[in-house]
Protein chains: 2
Amino acid sequence: MPDINISGAIRLPKAVAKPKPASSPCAACTIRDLAVCSALEGTELDRLNAIRMPAQMTGGGTLFDEGATADYVYNLTVGTMKLYRLLPDGRRQITGFVYPGDFLGLANNGERAYTAEALSDISLCKFKRGQLENLFNEFPKLKDRLLGISRDELVAAQAQMLLLGRKTARERIASFIIATIERAELMGLPTNPIEVPMSRNDIGDYLGLTTETVSRTLTRLKQTKMISLPANKQIGIIDRDGLTKIAEGF
Amino acid sequence: MPDINISGAIRLPKAVAKPKPASSPCAACTIRDLAVCSALEGTELDRLNAIRMPAQMTGGGTLFDEGATADYVYNLTVGTMKLYRLLPDGRRQITGFVYPGDFLGLANNGERAYTAEALSDISLCKFKRGQLENLFNEFPKLKDRLLGISRDELVAAQAQMLLLGRKTARERIASFIIATIERAELMGLPTNPIEVPMSRNDIGDYLGLTTETVSRTLTRLKQTKMISLPANKQIGIIDRDGLTKIAEGF
DNA sequence: CGGGGTGTTGAACATATTCAACAACTGTGG
DNA sequence: CCACAGTTGTTGAATATGTTCAACACCCCG
């Protein structure tokens with residue numbers, strides 16, 4: 001899977017996060033290079049900062065629910081989130097995870113299409129929808145960015161459809177591991193072992209599998225010496241090329 | 001599923017197609033109200049027409065292949081297409097169908113993310129990518145449209161992920177039938193029986209099922225008096241509300 | 001140290017797949 | 001216009017992959 005997030009969360013092209021000398025809150029932001037904000041500089045950034053509201057939430061909290069009115073949009077700065085849709089009997093499909101730098105909440109018709117929940121404690125920049133839209137109109141390059149990103153997201157969504165519709169459990173797990181490695185590379189985080197902040201249950205709901213199948217499949221990948229499971233929420237990569245082959249369906 | 005197409009093909013908001021008095025090829029176009037072109041009028045339309053190249057293809061033909069360079073974008077005017085991705089061993093996931101008025105081919109990185117194949121004989125308006133992009137820059141309202149549409153597509157893609165990841169065969173087929181009814185309504189086509197131009201195999205590859213399962217499931221829906229199968233490529237709707245309930249997971 | 005949640009493992013089961021045969025339909029040529 | 005061939009669709013039986021139900025282990029975290 002490419003280095004983009006699917007469905008709702010918007011990520012900007014590759015740029016390694018690096019600390020900024022503090023002068024305004026935005027200029028000091030550690031994930032500025034990853035976020036929408038990277039399209040702006042200098043006084044433009046001040047304009048963004050003027051309409052920015054900082055927000056926090058503890059792990060497990062719900063930022064917004066499917067069906068709610070979409071009055072705000074957000075930019076995640078710290079932590080991880082999950083986006084999901086539910087069926088009436090509780091079956092759940094996680095449509096994407098949100099990482100620092102990702103933008104979320106841009107609903108089209110004013111209604112949220114998914115629930116957004118914090119996996120860990122999170123910090124966000126919060127914007128009133130209309131105010132940010134005004135800024136978008138003022139700085140068209142922001143709009144171009146979003147358009148390009150949306151197309152990338154569509155491509156990622158297609159990859160996920162291929163995964164959900166046609167890949168085996170083994171292939172899905174391998175795809176997930178490879179995608180997680182690629183995201184870690186993109187964000188400049190450790191790539192071996194990789195950090196996997198979500199539960200087995202969440203992984204299952206993302207890959208269209210049950211917790212048990214996720215667990216079993218990981219165990220089998222460990223037995224066949226493709227990965228190791230050194231600690232909770234960590235996966236050690238032993239045979240990346242092998243995993244890639246599996247992920248691609250060979 | 002909402003009245004939008006997923007993944008790659010771009011549809012504009014609801015508008016019933018109606019014939020236009022002929023004056024320029026675009027002004028006479030029967031699907032103009034459905035297409036991107038609806039954002040333009042008068043002389044703007046002439047500009048579009050100036051860079052437009054008519055194209056045809058017979059059913060079964062491949063418009064472009066996954067991985068090819070994306071030099072052109074297209075607007076389908078007549079016929080139906082399917083978009084798909086393949087795994088090395090031939091497993092296929094159809095990520096969307098393309099109907100008259102849909103826009104397709106806008107690749108981000110210049111490489112096609114999917115194969116586009118004609119289901120029936122088709123006609124298209126073909127544009128050189130760069131030329132159309134210039135026009136987009138000249139008429140920003142086109143860009144706004146595309147941005148909104150892309151978000152709609154993302155929502156549709158999420159719905160499809162929920163379907164592929166969590167719905168039963170019965171629920172998938174019901175969802176597909178309901179979506180097809182809604183599309184027929186949108187396009188002002190007969191809604192009972194509905195026209196289903198794709199094969200069982202294509203339906204299966206779209207819903208993450210096999211041909212046999214599609215066939216069996218349709219038969220069972222017929223036996224339970226929810227649909228009828230009056231002729232090849234047609235489905236009669238007997239209990240739409242029941243189908244909707246099934247599709248939504250009740 | 002103890003308890004609740006998370007993760008793992010096992011066995012029985014179910015849904016959809018695979019393999020196979022046949023039926024129906026389409027389109028083509030006699 | 002009918003016959004035939006190839007394709008598409010349907011149905012059946014056996015099978016497999018992943019699920020469900022259940023028990024247990026692990027491990028943070030109090």
Side-chain angles (χ1 to χ4, degrees), chain A residues 58-60 82 87 89-93 119-121 163-176 193 195-224 227-236 246 249, chain B residues 58-60 82 87 89-94 119-121 163-176 195-224 227-236 246 249:
Chain A
T58 55
K82 60 185 174 194
L87 288 173
D89 61 358
R91 278 173 289 170
R92 190 176 64 150
Q93 179 65 40
L119 273 178
S120 62
D121 291 355
L163 180 148
L164 292 169
R166 289 305 181 205
K167 287 188 184 176
T168 65
R170 187 178 150 89
E171 289 163 352
R172 294 181 199 205
I173 295 288
S175 300
F176 175 73
E195 199 67 29
V196 182
M198 59 291 288
S199 70
R200 297 289 187 263
N201 195 19
D202 285 342
I203 297 173
D205 282 348
Y206 179 57
L207 301 177
L209 302 168
T210 59
T211 316
E212 294 95 325
T213 301
V214 172
S215 187
R216 277 187 247 274
T217 306
L218 284 171
T219 302
R220 246 168 262 143
L221 286 176
K222 181 174 121 187
Q223 283 164 352
T224 56
I227 61 167
S228 63
L229 299 169
N232 202 11
K233 315 257 170 199
Q234 287 194 355
I235 300 180
I246 296 172
Chain B
T58 55
K82 60 184 172 194
L87 289 173
D89 62 359
R91 277 173 289 169
R92 190 175 64 150
Q93 179 65 40
I94 292 183
L119 272 179
S120 61
D121 291 355
L163 180 149
L164 292 169
R166 289 304 182 205
K167 287 188 184 176
T168 65
R170 187 178 150 91
E171 289 163 352
R172 295 181 199 205
I173 295 290
S175 301
F176 174 74
E195 199 66 30
V196 182
M198 58 292 287
S199 70
R200 297 288 189 261
N201 195 19
D202 285 342
I203 297 173
D205 283 348
Y206 179 58
L207 301 177
L209 302 169
T210 59
T211 316
E212 295 95 324
T213 302
V214 172
S215 187
R216 276 187 247 275
T217 307
L218 284 171
T219 302
R220 245 167 266 142
L221 286 176
K222 181 174 120 186
Q223 284 164 350
T224 54
I227 61 168
S228 63
L229 299 169
N232 201 13
K233 315 256 170 202
Q234 288 194 354
I235 300 178
I246 295 172

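Just so it is clear: chains get the letters A, B, ... in the order the sequence lines come, proteins before strands, and each one is counted from 1.
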field: Rounded distance in Å - CG (B:D205) to C1' (C:dT17)
entry: 14 Å
task: Please figure out whether B:R170 or A:R200 has its closest DNA chain C nucleotide nearer the 5' end.
output: A:R200
For B:K167 against B:R172, the heavy-atom pair lying closest together: O-NE, 2.9 Å
Pairwise side-chain contact, B:N232 with B:Q234, heavy-atom cut-off 4.5 Å (strictly under): no
message: Heavy atoms only, 4.0 Å cut-off, all strands: where does B:S199 land among base, sugar-phosphate and nothing?
response: sugar-phosphate
query: How is A:L218 classified with respect to the nucleic acid when contacts are heavy atoms under 4.0 Å: base, sugar-phosphate, or nothing?
result: nothing
query: Rounded to whole angstroms, how far apart are CE on B:M198 and C1' on D:dT7?
result: 18 Å
query: Quick one: is B:T219 getting a side-chain N or O under 4.0 Å of the D:dT11 phosphate, OP1 or OP2?
result: yes
message: Rounded to whole Å, please give me the gap between CG in A:D89 and P in D:dT20.
response: 10 Å
message: Could you check whether any side-chain N or O of B:Q93 sits under 3.5 Å from a backbone N or O of B:D205, counting only pairs where one atom can act as donor and the other as acceptor?
response: yes
- prompt: With a non-hydrogen cut-off below 4.0 angstrom, is A:T213 in contact with a base, only sugar-phosphate, or nothing?
  reply: base
- request: When you get a sec, tell me which of C:dA16, D:dG9, D:dG18 is the closest nucleotide to the side chain of B:N232?
  value: D:dG9
query: What about B:R216: does its side chain form a donor-acceptor pair under 3.5 Å with the base of C:dT18?
result: yes
field: Atom CZ of A:R170 with >12 non-hydrogen neighbours under 6.0 angstrom
entry: no
- prompt: CD of B:E212 versus P of D:dT15: gap in Å, rounded?
  reply: 17 Å
- prompt: What's the CG-P distance between B:L229 and C:dA24, to the nearest Å?
  reply: 14 Å
- line: Rounded to whole Å, the CD1-P distance (A:I227 to C:dT8) equals 10 Å
message: Check this one for me: any side-chain N or O of B:T210 less than 4.0 Å away from OP1 or OP2 of C:dT17?
response: yes
- line: Heavy-atom nearest pair, B:S175 first then B:L163, reads CB-CD1, 3.6 Å
- request: Would you mind telling me which residue lines up with the more 5' stretch of DNA chain D, A:T168 or B:T211, judged by nearest nucleotide?
  value: B:T211
- request: Would you indicate what B:G208 reaches in the nucleic acid, counting non-hydrogen atoms under 4.0 angstrom: base, sugar-phosphate, or nothing?
  value: sugar-phosphate
query: Starting at CD1 of B:I173 and ending at P of C:dT15, how long is that distance when rounded to a whole Å?
result: 16 Å
- request: Rounded off to whole Å, could you give me the CG-to-C1' distance for the B:L119 and D:dT7 pair?
  value: 16 Å
